[in-house]
2 protein chains.
Amino acid sequence: MAEETKDGPLEDMSALQDQLDELNAQITKQGSHVRQLKKDGAGDAITEAVAKLQELKVKSAELSEKLESDAPKFNRKSFDDLVLRKMFVVPSFEIHGGVKGLYDLGPPACALKAAMIDLWRKHFVLAENMLEMECTCLTPHAVLKTSGHVDRFTDLMVKDPESDECFRADKLLEDAIDNLIEENPTMSTEEKDKHLKVQIQADAFSPEELDKLLLEYNCKAPSGQNYSPSYPFNLMFKTSIGPEGTAVGYLRPETAQGLFVNFRRLLDLNANKMPFAAAQIGLGFRNEIAPRSGLLRVREFCMGEIEHFVNPKDKSHPNFSSIADKGLVLFGRDDQLGSGKTKLVSAGEAVKTGLINNETLAYFMARTQLYMEKIGMDPKRLRFRQHLKTEMAHYAADCWDLEIQSSYGWVECVGHADRACYDLDVHGKATKTPMVATTRVDPPQEIEIAKLTLDRKALGKTFKKEQRVVSSALEALAEDWSTFEPIATALEKEGKAMVDGFEVTKDMVTWAKTSKRVHEIKFTPSVIEPSFGMGRILYSLLEHSFYQREADEQRCVMRFTPQVAPSKCAVLPISSSAETNAVVDQIAAELMESDLSTRVDKSSAALGRRYARSDELGVPFAVTVDFQTLADETVTLRERDSTRQVRLPKAEVTPSIFAIIHNRLTWEKLTARYPMVTVEDGA
Amino acid sequence: MAEETKDGPLEDMSALQDQLDELNAQITKQGSHVRQLKKDGAGDAITEAVAKLQELKVKSAELSEKLESDAPKFNRKSFDDLVLRKMFVVPSFEIHGGVKGLYDLGPPACALKAAMIDLWRKHFVLAENMLEMECTCLTPHAVLKTSGHVDRFTDLMVKDPESDECFRADKLLEDAIDNLIEENPTMSTEEKDKHLKVQIQADAFSPEELDKLLLEYNCKAPSGQNYSPSYPFNLMFKTSIGPEGTAVGYLRPETAQGLFVNFRRLLDLNANKMPFAAAQIGLGFRNEIAPRSGLLRVREFCMGEIEHFVNPKDKSHPNFSSIADKGLVLFGRDDQLGSGKTKLVSAGEAVKTGLINNETLAYFMARTQLYMEKIGMDPKRLRFRQHLKTEMAHYAADCWDLEIQSSYGWVECVGHADRACYDLDVHGKATKTPMVATTRVDPPQEIEIAKLTLDRKALGKTFKKEQRVVSSALEALAEDWSTFEPIATALEKEGKAMVDGFEVTKDMVTWAKTSKRVHEIKFTPSVIEPSFGMGRILYSLLEHSFYQREADEQRCVMRFTPQVAPSKCAVLPISSSAETNAVVDQIAAELMESDLSTRVDKSSAALGRRYARSDELGVPFAVTVDFQTLADETVTLRERDSTRQVRLPKAEVTPSIFAIIHNRLTWEKLTARYPMVTVEDGA
């Protein structure tokens, strides 16, 4: 029945979710109020406010539970069948036997990805004047040695001693824990929690710890023996560049390095203004030990990375106020190891309480959330998980992964890392290139410095042609007393000190602590890096978009938003007459002229069957040219999810759909303009 | 002076070119007329028509000469400086010393490329419902062994025996010939032609021929010795996929193979309808021996490839009539080895006379020409060069390269190849997968076949588990007497025959020639492949877009069309007052909301200086907020190439530019609507 909304339960759920979100926002607000009262020492008022807060929390918990039990079940068989049959995603080189971890995007996924990337570019690059680059995948050894990837971009691997088959050690442990819990349904919550806490840290253990745990959890290789000891396996694809075969190169594991090494040119192009962001969309490669989980863990993938360069002493963001009220579902590290529950907190509140390290990091997290909502991701299945201390690099200030829930569980899809000044620092040192920006100090300030007297002779004798490097390094440190002080102490106490890997002795330099009036300060910028796994996002979107019609499980639908849908409109003739076909061709041509991708289906299948086909591809609208069209030049326009139809003049089809795609009209407003049609479409 | 057209000479040239094009079209028409007369044996009328034709040709030659001498000189120094300074293209990993043949695209080139690709997708994929895919770069050995790349994707290399430095042998020969001609200005035309004919075939010689020629032309290695003998060097980057290190993989040298191996799924998705095209945009890799010529010969590049699958017996194209009259500058193989001159011929005429092998090939050539014009390439510097017989693969039916003229000469940027059924054939055979399509025969036809009786026992004894493969191969051949006849003859005469690599003997099979009524015929489709080198096209477009203002050589301009320009509009305040800045921000925000990339320049530089900056980036329009704006809400709008300005209400800026970008308005029409402003802009 066309008048009935077929996805009623989903709409109910969305209303429930809205209530829940609102409730959670109230909780956040009330929590903030309670904190303020406590701060003010408000006495009785506190008790009252806390009681109110508790009440809100109970309501919220009830609603959450209801929502979860109402969630529709995911039908993997139907989903996988649709994805393969319609060529959203297919295994690469299938007729040659395929290669694990490599997948091709077929026509509908290709168009979907193009739309996602177009929106990404508009949402991030264009909206904030980011400097987008396209650097090469082929990367010479020196760059990845400097970045640390040659030494540390590894996973711990074990082998079956009999077959030499390779496995990822942390995944074996995770699986063993899953199995243990599944096989022991009567396990106490306490014990379960203990195992889960081991599981959540699986990729952070040392080789020795992992070996011990694999034994403890009784993990056996397929041959029945114990696994070999674990050892780090480098995940970069290695090749050699040039005909001589002597220059080692790798396929980049991330796009970021290309931006870091271009920092000086970028800063210059930006007229030396800070802060600014560079961005890149492109391929990354990772020679996974044992790829699985379809598109979620692959060996070649599309990334979108942003490197926001900022003064480490001022990580505020000029547009922060625009997203300060945006609610984010946060799973902080304390909660991961404690309650196991997420919190809905506004970006502003999260920065204020120190949960998120700084404004810029929180700003990008909120922008990521908005992007996900824009492309049609289910907001109920998004959360930000903070990295555990053990997961983070030593230099990182804070890291939050946007995780998306799919049938594979919660999967990291966008990293948000404050990498401090590590990256610029290492490349600067390795190439002896100053990777610094300048900030004006207005009014000028007095700062404490060390005034050096260098003994050029002594330096020259020891360091020869490296003399200049050492003296420059000393002078750079002397610009600020706080950075020179440790050197001064070492020289005084031990007679020598290490400066950028060189041993400087007391005879080479004398100093005086003094002060200087400065108009500008040089600094190595910090980098805040949102890093998007586009393939994972695309796969998650496919799952979030998939549903089966209530009335008929056979009828699968992809609920892509009109903005990202691979095809915008289907055009179907009700008969095969030349007259009807001519109108179909004319409407299709008009749509195409407005760059609206169109799908003509003139097959002899029943109309309902043809609607179903376009539903499977997630085409949001279908125009049908019927007998009435020939009489009065009107056609029907059907919306995919409601299956409702209106009748409108054929000349108004293209402008209407164009307006919807460009966010200037909604289907609801359109239905108010034209008469609704009552027809059975078989959906 | 704003009223004057600054690029007057260019406009004159364009008028000359129009005359020339028209003249050449008349020549084509007259030529066709002469041919018809000759065919009809028209006597005296022929002499008259030929005289007319000669007269037209003389006029055309005069005009061409004039055009060439008037062509502005290309200032490489200014061009290279601009390209690097504005970060259109920069060497990759520069601070680490760089890698030959690797370049990064900076912000303006990145936006330009995105616009080029967007137009490509609309012009080719969307407009013809091509099936776009995105396959992986990592490719297993089996696929590229099958395609022939492992054995034949090579260049001939020589070494300096002293230093082991590697060189590309054909390029050494080409350079030697260039030098010889340059050093002998008095060389006769005849002798020069002889050398040039050797040069044009440089990449088609065998190793032995090349070695002989290198000696003949006295090519010496840098050490002063003769080069080592030349040998084939495989140009693919090799790596290993998976942790075991045993699975050899390569970075794809082209995107095409991913489409070929997906042929069966694509045909199925297309409801088994033929012809159809698949397309792919993505990276290709080529380990060049000695990369040079900037972006024109690099090791990692973006390609756009189309594989049009068609019945080998019917290579007509349904939309051919839409481009039949389009004139193409063709450089056929006879002319390359003969007159050395191109011809302007319509696509229809070229197919009719057999110059271009078939409609589909000519259709794509014309579509490519249209695409180049759409993105703003200079049509005077485009030509299609046919491959010499010696350049083509043995299976290819015909190949035409679109060459673009730049300061590096005529460079191949788009290949158009009729590859017959080679690709599907080899993958089908290697994987034992039928790569066939079906065409209905209506009414049904009688065809001659061989009716086989197989001796399963004899087959089984010899071929064991391969028995089925051999019998299927025999049965497939027997479907058409013409394909079985050679087998029958061999069996009769020699008692044995080779079938797909298996030796079949007479005792295994008997046959009878008979006929069968068929309703459909199975065939292996031919592939027509337009293959775009996007990086080369981008570089050529940079050169074609670059010019210096007549009045001031220091002022460089990029004349990007509004559709591809990286930034669509600059917004400049005439003063730094808060009121002025507020208007600037408001206009910029409006432009951005309509997805029009905008460049705000609030610096204190003079207005003329700021116009010049936006000219360098090829921004087509600049809005200036001046004192009058605050009084009457109008602003000036400046067009880059003419430097003319109009004054219009600020609210009309965004809709006007949006309409121009979307081809719904032109600058000329816009200038008719609003008053022209007379100001000195310093340009």
Side-chain angles (χ1 to χ4, degrees), chain A residues 86-87 90 92-97 99-100 102-107 110-111 113-114 121-122 126-127 131-140 142-143 146 157 164 166 233 237-239 241-244 251 258 261-262 264-265 269 271 283 285 287 289 299-300 427 431 433 592 595 597 603, chain B residues 86-87 90 92-97 99-100 102 104-107 110-111 113-114 121-122 126-127 131-140 142-143 146 157 164 166 233 237-239 241-244 251 258 261-262 264-265 269 271 283 285 287 289 299-300 427 430-431 433 592 595 597 603:
Chain A
K86 290 294 173 187
M87 279 192 91
V90 296
S92 302
F93 316 109
E94 208 180 1
I95 62 169
H96 282 273
V99 178
K100 267 192 201 165
L102 296 183
Y103 290 89
D104 295 343
L105 300 185
C110 232
K113 188 184 153 194
R121 213 170 239 139
K122 284 170 182 161
L126 217 67
L131 302 178
E132 187 184 346
M133 289 198 76
E134 201 174 294
C135 307
T136 60
C137 297
L138 286 166
T139 307
V143 172
T146 303
M157 182 157 95
D164 270 354
C166 303
F233 170 77
F237 288 97
K238 196 173 178 176
T239 189
I241 305 177
E244 293 84 4
L251 295 179
V261 298
N262 274 298
R264 290 217 306 175
R265 283 199 181 275
L269 189 70
L283 293 177
F285 300 84
N287 194 6
I289 294 169
R299 286 175 166 155
E300 178 174 335
H427 285 293
T431 62
T433 308
M592 301 285 260
D595 294 329
S597 166
S603 77
Chain B
K86 290 294 174 187
M87 278 192 92
V90 296
S92 303
F93 316 109
E94 208 180 1
I95 62 170
H96 282 274
V99 178
K100 266 194 202 161
L102 296 183
D104 295 343
L105 300 185
C110 232
K113 188 185 153 195
R121 213 169 240 142
K122 284 169 183 161
L126 217 67
L131 302 178
E132 189 185 346
M133 291 198 73
E134 202 174 294
C135 307
T136 60
C137 297
L138 286 166
T139 308
V143 172
T146 302
M157 183 158 94
D164 270 353
C166 302
F233 170 76
F237 288 98
K238 197 174 179 176
T239 189
I241 306 176
E244 292 86 3
L251 295 179
V261 298
N262 275 298
R264 288 216 309 174
R265 283 198 181 276
L269 189 69
L283 293 177
F285 299 83
N287 194 7
I289 294 169
R299 287 175 166 154
E300 178 175 334
H427 286 293
T431 61
T433 309
M592 301 284 261
D595 293 329
S597 165
S603 77

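Lettering follows sequence order; numbering is per chain, from 1.
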If you tally heavy-atom pairs under 4.5 Å against chain B, which of [options] wins?
{"options": "Thr139(A), Thr136(A), Asp595(A)", "result": "Thr136(A)"}
{"options": "Asn262(A), Ile95(A), Val261(A)", "result": "Ile95(A)"}
{"options": "Cys166(A), Ala271(A), Ser603(A)", "result": "Cys166(A)"}

Closest approach of [X] to [Y] (non-hydrogen atoms, all atoms of both residues):
{"X": "Cys110(A)", "Y": "Met133(B)", "answer": "SG-C, 3.4 Å"}
{"X": "Asp164(B)", "Y": "Glu244(A)", "answer": "O-CG, 4.4 Å"}
{"X": "Arg299(A)", "Y": "Phe237(A)", "answer": "O-CE1, 3.7 Å"}

* Asked: Can you tell me how far OG1 of Thr431(B) sits from CZ of Phe93(A), rounded to the nearest 0.5 angstrom?
  -> 13.5 Å
* Which one, Leu283(B), Ile289(B), Val143(B), leads in non-hydrogen pairs under 4.5 Å with chain A? -> Val143(B)
* Option in Cys137(B), Ala430(B), Gly97(B) with maximal non-hydrogen atom pairs under 4.5 Å from chain A ->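 If we count pairs closer than 4.5 Å to chain A, Cys137(B) comes out on top.
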* **Residues that Met592(A) engages under side chain to side chain contact (heavy atoms under 4.5 Å, CB included), provided they are two or more places apart** => Thr598(A), Asn129(B)
* To do: Output yes when a side-chain donor or acceptor of Glu300(A) lies under 3.5 Å from a complementary backbone atom of Leu138(B), and no otherwise.
  =>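 Here the side-chain-to-backbone pair exists.
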* To do: Indicate yes or no for a side-chain donor-acceptor contact from Asn287(B) to the backbone of Gly242(A) under 3.5 Å, with no hydrogens or angles considered.
  => yes
Checking heavy atoms, do the side chain of [X], its backbone, both or neither come under 4.5 Å from chain B?
{"X": "Leu269(A)", "result": "side chain"}
{"X": "Ala111(A)", "result": "neither"}
{"X": "Ser92(A)", "result": "side chain"}
{"X": "Lys100(A)", "result": "neither"}
{"X": "Thr433(A)", "result": "side chain"}
{"X": "Phe233(A)", "result": "side chain"}
{"X": "Val99(A)", "result": "side chain"}

* Taking NZ, NE, NH1 and NH2 as the nitrogens, is one of them in Arg264(B) or Glu94(A) under 4.0 Å from a carboxylate oxygen of the other? -> no
* To do: Tell me, please, which residues at least two apart from Thr146(A) pass side-chain hydrogen bond (donor to acceptor under 3.5 Å, both in side chains).
  => none
* Heavy-atom distance under 4.5 Å to chain A: side chain of Ala127(B), backbone, both or neither? ->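 Ala127(B) touches chain A through backbone heavy atoms alone.
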